[in-house]
Structure formats: C-alpha cells, structure tokens
Amino acid sequence: MTLINRSEEITILYDEVMARKSLFFHGPSGTGKTFLCHELMEKLRGRRVCFYLSIRAYSSLHQFLSKLQLAVKSTTRIHTNVEFQLRAFFDDNPVPETVDEKAFTQWTENLLVALQQVSQDFIFILEDVDQFEGKEDLSKLFKHFFLSRNSQILFTSRLFNQAYSVEEMKLKSLLPKQVTTPLADEDELSELIEFTRGNTAFILDIIQQMERAKCSFSTAANLVMESQQKVLYAFRHRFTDLQWNLIRAIAAEEVVEQPHSFKFLVKYQLGAASSIERALGNLTSTSVVHKNEFGYTVSNIVFLRWVQWLYSS
C-alpha cells in the first residue's frame, strides 16, 4: 500500500485557518495542492462550512459567479439550517446576465452579508486563481472578503501573487521520507522523487504502473511516458519550430542559466539570439517555461520528462 504523508502541511494549514487567517497557498503544478485542500476540508468538518471552487480556464466573471453560486448551493444542501437561511438571498440575488467588476463585488458583498446572519463560520477555497482566463484582476475583487467576521478565503495557485494581500504559504515538493511504498527500496524511492521532482500526481502514476506491471521504477516510468505520448505529441503542434527546438534544448539541459548565450545557441543550432528572445518570451508568458533561482526550465515536469524521453537515444 502506497501512502503519501502530508500531515505536517495539513496541520499548518488547519492551524492558520482556525486562527481565522485568509491565505495564499501556492506550489508548482502537481505538488498536491488539490489533495491538501480536500484533506483540509475533511479536517475542518464541523468547524467550517467549506465552499470549494476550481476556477481553472474560467474566461469571464459571469462564469465565475455562476459557478460560485452553484458551489455555495451544493454545499449548503448538506447544511440544512444554512440552506434555509440563504434561500431568500438566492431568490433576491440572481446572477446578473452581465457581470462587470462592480456587479461582481455587489453580489459577493450581499452573499457575505447573508452569511453573517448565520451562526457558523465559512471558508471559500478558490483553486487555480492564476489560471483565470478573463481580463479582470481577481486580486482586486476579494478585498471585502478579508473584512468579513465569519468568512475566510484560501487561494491556491502555482505562483505567489503579492497583490492578494494575504499571508503566503508555499507548498514544497514531496520528500522521499513522505512517501511509503513496498514497491521501491530506498534508492529507487530517491530516484523516483528526483525524477518527478516530488510531483504528487506523477509519483502516483508511476507507482500505479509499478503495481500493475509488477516492474521496476525505470520500466514504469517508460510505460507512463508511452501512455502520455498521444496527448503530449498533440500538444507539440501548439509551438512553432523555433519554440519547439528551444523547448527540446532546455529539456536536454534541464536548467539553462543563459538561454541567449552563444555557446547554448550554437550547441543546439538555435539561430539568432533575437529570435530566441521572442520565442522564450512566448514560452514564459504561457507558462510552458519558467525561470527559477537556477535558470530557465520546462514548467510541467511530466512534459519535461516526456520531451527527454521522446528524444533519448
């Protein structure tokens, strides 16, 4: 049986919430933010009414508000007293056909006023705020949430955004000691963590393959790459030839401190530095590549390993 131990992070999150703090909870894709949010909601059972919503790929405030209303309604169905007290709010406050920033603020302020009439505490858990595709600045639209006496808010994101003006909590990648599985010895487990960079979903995918095929870590990793081939190869066609060649080069190095350097450009036959600058700008703006303290790397670890696997000899 494979176990992922995130008890320390859950305890910290829980203590912060119980201290009535709003938080900005962030970490790279796949590090387990969603897993921790659901563990937190379970731990908060009976102490907070949790409204959970992932806003990934939402493209308008109308869509956001409509989904938020559904999330609140869905949650309050299992809290009969809350549902009864919010019934008048939903009757009097349908989601407007056109939602601008003013309408969004007014609707959510009315919701918070309605919640203040209920003798319970609430937390809004909004996942993937960095992946909202609308033009509005969400950081400006939640200021009034922080003033509510019985409602808190927990944002999750891949990257920290200081504009939200709440306390930050960074989720680090898993360590070998946090994974327990009879399928791998200590050395294999360390290799697995390094290969996945502690990405929880990636780790579990590989371990599942190890269980299914009764094979070693390296064989299971190849099977996972093969299973991703169709989807990720289709993703390749999003890029120009120059962008793809740059992705290949960065993946080959894993981390590139100076992608504009003459040595790097010549080694991978990438052409002019000015063209690479434009390609790199596009890849970073779309989060395919990001810069950390060591240099530029492919953001998604599964995509990185797949590119390396695809061109391995």
Side-chain angles (χ1 to χ4, degrees), residues 4-44 47-58 64 68 71 104-105 108 112 121-134 136-175 177-178 193 196-201 255 284-287 289-297 299-301:
I4 304 293
N5 182 0
R6 286 289 201 180
S7 58
E8 182 178 346
E9 291 93 337
I10 285 290
T11 299
I12 293 172
L13 262 181
Y14 175 80
D15 288 345
E16 295 287 83
V17 170
M18 293 306 293
R20 298 188 177 277
K21 294 178 181 178
S22 289
L23 298 168
F24 196 101
F25 179 44
H26 65 98
S29 178
T31 46
K33 297 185 295 296
T34 299
F35 169 81
L36 279 172
C37 283
H38 287 285
E39 289 288 304
L40 175 66
M41 287 190 285
E42 184 62 31
K43 195 173 178 68
L44 288 171
R47 295 172 175 82
R48 295 287 188 277
V49 177
C50 301
F51 302 128
Y52 169 83
L53 180 66
S54 172
I55 57 176
R56 183 183 305 161
Y58 286 7
F64 187 178
L68 180 61
F104 184 95
T105 300
T108 51
L112 291 174
D121 292 315
F122 303 90
I123 182 167
F124 293 83
I125 299 176
L126 301 181
E127 280 216 83
D128 309 310
V129 294
D130 58 319
Q131 296 181 52
F132 176 65
E133 295 182 354
E136 296 82 4
D137 183 355
L138 295 183
S139 67
K140 297 178 180 178
L141 297 176
F142 293 100
K143 303 292 186 182
H144 51 289
F145 276 77
F146 311 143
L147 303 176
S148 176
R149 62 176 175 79
N150 66 335
S151 295
Q152 301 161 250
I153 193 162
L154 171 66
F155 302 104
T156 83
S157 169
R158 290 173 297 179
L159 301 171
F160 179 51
N161 187 336
Q162 292 179 326
Y164 281 82
S165 303
V166 293
E167 289 198 24
E168 169 195 10
M169 177 176 170
K170 182 176 181 179
L171 177 61
K172 297 179 180 179
S173 297
L174 280 169
L175 299 172
K177 66 181 181 180
Q178 293 176 289
I193 296 296
T196 61
R197 291 185 181 169
N199 182 301
T200 307
V255 178
T284 53
S285 67
T286 54
S287 300
V289 169
H290 77 275
K291 186 179 182 182
N292 58 28
E293 62 267 38
F294 305 109
Y296 291 88
T297 187
S299 301
N300 186 291
I301 184 61

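Since we're looking at a predicted model, the values are computed, not measured.
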Geometric class of the F104/F64 ring pair [parallel <30°, tilted 30-60°, perpendicular >60°]: tilted

Considering only heavy atoms from C-beta outward, does the side chain of [X] approach that of [Y] to under 4.5 Å?
X: F124; Y: L112; result: yes
X: L68; Y: T108; result: yes
X: T34; Y: Y52; result: yes
X: E167; Y: E16; result: yes
X: L126; Y: L138; result: no
X: R48; Y: M18; result: yes

Per side chain to side chain donor-acceptor pair (under 3.5 Å), T156 is matched among H26, E127, K33 by E127

Residue K172 excluded, over 12 heavy atoms near NZ under 6.0 Å: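 At most 12 heavy atoms, drawn from other residues, nucleotides or ligands, come within 6.0 Å of this atom.
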
Under 6.0 Å between the ring centres of Y164 and F142? no

Using the rule given for side chain to side chain contact (heavy atoms under 4.5 Å, CB included), can you reason through H290 versus T284, listing the C-alpha separation, both sets of side-chain angles and the distance that settles it, and then say yes or no? CA-CA 5 Å; H290 77 275; T284 53; 6.0 Å; no

Just how far is it from atom [atom1] of [X] to atom [atom2] of [Y], taken to the nearest 0.5 Å?
X: C37; Y: F25; atom1: SG; atom2: CZ; result: 6.0 Å
X: L44; Y: E39; atom1: CG; atom2: CD; result: 11.5 Å
X: I10; Y: L36; atom1: CD1; atom2: CG; result: 4.5 Å
X: L40; Y: I123; atom1: CG; atom2: CD1; result: 6.0 Å
X: Y14; Y: K43; atom1: OH; atom2: NZ; result: 6.0 Å
X: C50; Y: E42; atom1: SG; atom2: CD; result: 10.0 Å

Distance only, no hydrogens: is a donor on one side chain within 3.5 Å (strictly under) of an acceptor on the other, for H144 and T105?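 Their side chains do not contain a donor-acceptor pair, so the 3.5 Å distance test is not met.
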
When you measure from the side chain of [X] to the backbone N and O of [Y], does any donor-acceptor pair fall under 3.5 Å?
X: Q178; Y: I4; answer: no
X: Q152; Y: V17; answer: yes
X: T200; Y: T31; answer: yes
X: S22; Y: V166; answer: no

Test side chain to side chain contact (heavy atoms under 4.5 Å, CB included) on Q131 and S54; report intermediate values, then the result. CA-CA 9 Å; Q131 296 181 52; S54 172; over 6 Å; no

